[in-house]
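Report on one structure; see the data block that follows.
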Amino acid sequence: MVRVKFDSVSKDYGNVTVVDNSSFEVKDQEFFIILGPSGCGKTTTLNMIAGLEEPTSGNIYFDDQLVNTMAPEKRDVAMVFQTFALYPNLTVHDNIAFPLKLRKMKKELIEEKVAAVGVKLRITHLLEKKPYQLSGGERQRVALARAIVREPRLFLLDEPLSNIDAKLRVHMRAELIALQRELKITTIYVTHDQVEAMTMADRVMVMNHAKISQIGKPLEVFHKPANLFVAGFMGTPPMNFFNAELKNVNSHQVVANEFFTINVDKAMGDRISKSTTGGELIVGVRPQNMQQVTASGDAVFEGEVYAVEPLGIETQVDVKLGDSIYKFVGPAEYKSKMGDKIKVKIDTSNMHLFDRKSEIALI
Ligand SMILES: Nc1ncnc2c1ncn2[C@@H]1O[C@H](COP(=O)(O)OP(=O)(O)OP(=O)(O)O)[C@@H](O)[C@H]1O
Ligand SMILES: [Mg+2]
């Protein structure tokens, strides 16, 4: 229904920049997720799209129209807030009808639309109830119904599932995706939950400290994180990080530290040395990409079992290496015990390398 474009948009509060030179484009009908930790500027970004805040500098476009100063009600946007508030004294029916009454829509048409959206969100049986008589998930559906009933061209959702229990949240995720596909409304969805981003987004924009860290399809961002922050933020348990250096050993290049040595072929060695500032690296490995082995060798380190967490289908093992703890995922029937000396191999085909100074991904 509409494209949204940010062109070098910044937002300052006093002398603090909370959105810093943000440029991105949300495609028509896209399910676009803004992901990042608390305080990184997600809600502020959404508020500027809704027209609740004006950018300090830069331009915001809906399709080709500049909307920087356009009033919220002129934007044809519906927003569901972090704490979605329903009117407590109104029935579900009247809550949903409210935005239509504001627009002075004819009564028959209002009834038609409320009924239709009630069916779509499966809340027909709740229409005569008051909000306090509803469960969290039901209230959430009513808030969504109220937002979509006037068929906006853009749908803005700010952590709409954060107040719902875990099981219902999984269900609501699926419902939201189905609803968005059906309505074909461009949707911008804010969350700090990387699982939501992975499962729901067409594309995800990761933010950190007011800046965009990376934009891409969820699996792209997961498999090719652009920097250390994204690498650590996406995936559970989080990625392990080891300090290491690029060195020459017997005229071979290796990535090594006091615990392990990883042979790299010439092409990769050249690539690393070209893009790194001082040869100081960080090796990133997901817990799923390390496994216990019996033999020493390339990319193997020796550590001590620090904790064993059997989870049924797998075992998460903490291993102590020097002063640091690393995690790997072992089989369900994991045998070693706390205090055992073990060998762990890094799957180098799935490792990530970052420049330690810039924190930017090198491979
Ligand atoms: N009206 C305001 N005046 C001053 N500072 C503000 C204002 N609104 C937000 N901030 C600050 O801007 C930063 C970004 O806030 P924002 O609400 O956009 O974060 P967020 O990413 O949505 O975080 P959360 O996940 O906790 O909701 C925060 O440091 C916040 O304290
Ligand atoms: Mg927020």
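Counting starts at 1 for both ligands and their atoms, in listed order. Worth knowing before you read on, the calculation uses all heavy atoms, side chains too, and leaves out hydrogens, waters and symmetry mates.
- One hydrophobic cluster, built from ILVMFWY side chains closer than 4.5 Å, holds both Ile212 and Ile60.
- Listed by number with element, the atoms of ligand 1 under 4.0 angstrom from any heavy atom of Val18 are 11 (C), 12 (O), 13 (C).
- Using a 4.0 Å cut-off between charged side-chain N and carboxylate O, Glu245 and Arg356 make a salt bridge.
- Note on ligand 1: Gly36 sits outside its first shell, no heavy atom being nearer than 4.0 Å.
- Ligand 1 has an N or O atom lying under 3.5 Å from an N or O atom of Cys40, backbone or side chain.
- To the nearest 0.5 angstrom, Arg173 atom CZ is 7.5 Å from Leu161 atom CG.
- For the pair Glu112 and Lys106, the salt-bridge criterion is not met [side-chain N within less than 4.0 Å of a carboxylate O].
- For Glu159, every heavy-atom contact with ligand 1 shorter than 4.0 Å involves the side chain, none the backbone.
- Side-chain rings of Phe242 and Phe259 stay apart, their centers remaining 6.0 Å or farther from each other.
- Below 3.5 Å of separation, one finds no N or O of His192 facing any N or O of ligand 1.
- Taking every heavy atom of Gly41 and a limit of under 4.0 angstrom, the matching atoms of ligand 1 come to 14 (C), 18 (O), 19 (O), 20 (P), 21 (O).
- Using bins of under 30°, 30° to 60° and over 60° for the plane-to-plane angle, the ring pair Phe24/Phe32 lands in the parallel bin.
- Polar contact check, Ser38 against ligand 1: a nitrogen or oxygen pair lies under 3.5 Å apart.
- Looking at Thr43 against ligand 1, both its backbone and its side chain come within 4.0 Å, counting heavy atoms.
- Around atom 23 (O) of ligand 1, the closest heavy atom drawn from Gly39, Pro37, Ala210 belongs to Gly39.
- For Asp202 and Arg181, the salt-bridge test passes: some basic side-chain N is under 4.0 Å from an acidic carboxylate O.
- For the Mg ion (ligand 2), the N/O/S atoms of Thr44 include none lying under 2.8 Å.
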